[in-house]
Amino acid sequence: MVSTGRSCLTSSWAAFAGHREDAGLDLPDGVAADAMLARLVDGSHAAFAEALADVGNCRRPIRLDGESMTVDRATGEVLGRFSSTDTPLGQLYVPCGNRRAHVCPACSRTYARDTFELIRAGVAGGKSVPPMVRAVPLVFVTLTAPSFGYVHGVRPDGGRCRPRRSDTVETCPHGVRLACSARHEEDDRLVGGPLCPDCYDWTGAVIWQWHVPVLWRRTTTALRRELARRLGTTEGRLKGVASLQFAKVAEYQARGLVHFHALIRLDGPDGPGSPAPLTADDLADAVRAATSSTAVPAPPAWESDLSRVIGWGRQLDVRIVTHGGGLAGSERLEPAQVAGYLAKYATKDSGLSAENRDRPHLHRLADTCRELHEHAVRRAEWRRAGLSTVVPLDSQGSDHYALIGKWAHMLGFRGHFASKSRRYSVTLRALRRARARFRRLVEQSARSGEPLDTRDLERRLLAEDDEATTLVVGSWAYAGTGWPRPGDAVLAVAAAARAREYAQWKAETTRTAAAHPHR
């Protein structure tokens with residue numbers, strides 16, 4: 001049978017293995033099996049399955065009690081009523097929406113898909129972004145943290161960690177050999193940890209992490225100034241000549257410090273996709289100049305500490321994605337490739353997550369955050385008692401490290417994991433609002449019996465003004481978080497894993513069909 005690359009799957013393609021009757025879920029322990037058996041015994045299995053599907057296999061949904069009604073905006077007529085008692089399990093379940101994969105795999109996958117669409121739109125257009133953005137300069141930048149001491153690492157091609165380079169191996173002041181002949185794996189608990197814990201600058205690492213959001217903000221300011229200088233204008237008048245837009249994602253390294261991946265785009269003065277006054281090479285050079293010249297003064301953490309000036313690490317990677325007339329040549333990055341790369345890191349487990357709890361150096365960084373917080377609390381007590389302290393206050397009159405203890409689980413990083421400039425592309429809020437509008441349109445279509453009007457659907461879903469003809473009025477009260485039975489969460493995770501396998505299989509099958517349209 002002949003089929004096109006975008007057609008429905010035919011009998012010539014193998015069916016998804018997970019849909020076979022003998023393909024059971026991968027359940028890690030007996031808790032889930034007991035929960036499933038209990039659901040079958042009391043007859044609530046179908047209701048649970050329906051509720052699980054409604055929240056997209058969320059691991060820890062939010063439970064609500066209440067009711068709502070749908071009202072016609074024009075006439076005020078009540079078109080329908082809905083109550084939590086009408087739901088399969090007697091309460092309304094809504095997804096938790098957490099972006100972290102170790103908290104909720106299903107919701108983090110939704111977040112990753114939204115981030116993918118947001119980033120891809122800024123590279124290739126779509127979702128209210130004009131397609132002309134494909135033809136303006138775009139660079140992919142990776143900014144790293146500086147070194148705070150020698151650490152164990154995974155080397156390319158399975159090489160040794162830190163092999164000795166001469167017969168005499170250098171030792172630190174504490175007598176530790178600054179060499180390691182081991183070949184570490186990614187899951188080795190030593191990876192990212194210092195060779196000598198006593199030599200490692202734990203305080204400096206945490207202070208850098210605490211101030212890196214400010215460092216990024218000043219870097220973007222320095223980049224605008226550098227572009228203005230190259231264009232012969234001032235920073236204040238730059239928007240009349242060019243517009244700088246970016247999307248940035250933070251990723252934790254094995255040593256516990258973040259580095260940033262950013263897409264930086266240069267538009268003309270007339271909005272996204274308008275002709276830029278500089279080339280991609282000029283933009284790349286401006287990025288290098290701005291990052292090398294940007295620094296942030298960091299006050300001392302305690303009385304005997306020294307003031308620091310923090311900046312980016314020496315490992316700066318700037319790759320051109322589009323030159324301003326199409327994609328770059330030999331090592332071209334496809335829009336979907338770049339968007340998928342950044343979206344993956346937007347949901348990556350961070351800080352002291354479940355998979356990192358056995359790494360001692362991460363606990364040491366968290367403890368250092370708490371120590372800095374305790375010193376800040378002690379200094380506040382001294383000030384209230386009228387005693388002087390040499391550690392300065394910030395512009396609001398607060399201690400610089402008074403809140404760092406609240407971010408100990410994030411190892412001192414207080415910034416956003418995914419952020420963008422205002423006009424880079426569509427927003428996550430707009431994408432979520434579009435999903436809600438689509439569900440509402442489907443419900444209206446089912447209620448009226450008329451087919452869904454798909455003409456200009458994307459514009460209507462992403463429009464700022466709500467064109468809906470109905471209004472939903474409700475009263476809801478929080479009833480709890482999570483499934484009512486412990487084994488239900490395990491079933492949700494297993495179902496989410498199967499759904500992800502199916503999505504990956506479907507995407508791979510679609511790519512194969514596109515590559516072999518006559519197969």
Side-chain angles (χ1 to χ4, degrees), residues 15-70 78-111 113 347 354 432 435-436 438-440 442-447 472-506:
F16 176 55
H19 284 172
R20 293 200 300 260
E21 294 183 358
D22 59 344
L25 292 176
D26 184 15
L27 301 177
D29 52 39
V31 176
D34 294 341
M36 183 179 293
L37 180 60
R39 291 284 186 192
L40 290 171
V41 170
D42 63 15
S44 62
H45 178 264
F48 169 72
E50 184 177 348
L52 184 62
D54 288 341
V55 296
N57 301 320
C58 177
R59 180 183 184 181
R60 48 194 301 274
I62 299 171
R63 305 193 304 274
L64 301 174
D65 290 326
E67 60 181 359
S68 64
M69 58 182 178
T70 303
V78 177
L79 302 177
R81 295 181 182 275
F82 175 79
S83 173
S84 57
T85 57
D86 300 331
T87 60
L89 295 179
Q91 287 182 318
L92 178 63
Y93 285 72
V94 296
C96 67
N98 198 292
R99 72 160 191 87
R100 295 178 178 85
H102 76 278
V103 176
C104 182
C107 289
S108 71
R109 184 163 175 80
T110 301
Y111 184 93
R113 285 196 296 265
T347 61
R432 292 162 182 162
R435 254 198 315 273
F438 181 75
R439 287 195 298 267
R440 189 168 60 207
V442 171
E443 292 171 357
Q444 291 176 356
S445 175
R447 185 168 53 248
V472 178
V473 181
S475 175
W476 298 95
Y478 173 76
T481 299
W483 295 101
R485 302 180 185 181
D488 293 343
V490 182
L491 288 171
V493 172
R498 179 58 51 82
R500 180 174 184 177
E501 292 172 4
Y502 173 70
Q504 292 172 339
W505 170 85
K506 186 176 180 181

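Computed from a predicted model, the values in this text were never measured in an experiment.
With values rounded to the nearest 0.5 angstrom, D86 atom CG is found 11.5 Å from R81 atom CZ. Taking CG of L64 as the start and CD of Q91 as the end, the distance is 8.5 Å to the nearest 0.5 Å. How far OG of S475 is from CE of M69: 10.5 Å, rounded to the nearest 0.5 Å. To the nearest 0.5 Å, atoms SG (C107) and CG (N98) are separated by 7.5 Å.
The shortest distance between side-chain heavy atoms of L92 and V94 falls below 4.5 Å. Contact of the F48 side chain with the D488 side chain is registered, since non-hydrogen atoms from C-beta on lie closer than 4.5 Å. A 4.5 Å side-chain heavy-atom check between W483 and V490 finds every atom pair outside the cut-off. Using a 4.5 Å heavy-atom threshold, the side chains of Y93 and I62 count as separate.
In this view, R432 and Y111, D114, L428, R435 satisfy the side-chain contact (heavy atoms from CB on, under 4.5 Å) rule, not counting sequence neighbours. S68 pairs by the side-chain contact (heavy atoms from CB on, under 4.5 Å) definition with F82, V472, W476, not counting sequence neighbours.
Neither side chain, S108 nor R99, offers a donor N or O lying under 3.5 Å from an acceptor on the other.
Atom CZ of R113 is surrounded by more than 12 heavy atoms from other residues, nucleotides or ligands within 6.0 Å.
Each salt bridge (charged side-chain N to carboxylate O under 4.0 Å, His left out) pair with one or both residues in residues 472-487, not counting sequence neighbours, appears once here: D42-R485.
The shortest non-hydrogen separation linking A489 to R59 is CB-O, 3.8 Å. When all heavy atoms of A106 and N57 are compared, the pair lying nearest together is CB-O, 3.3 Å.
Panel note: side chain S84, backbone G66; a donor-acceptor pair is recorded below 3.5 Å. In this structure a side-chain-to-backbone donor-acceptor pair under 3.5 Å is missing from R60 to C104. The closest donor-acceptor contact from the side chain of R39 to the backbone of A47 lies at 3.5 Å or more, if one exists at all.
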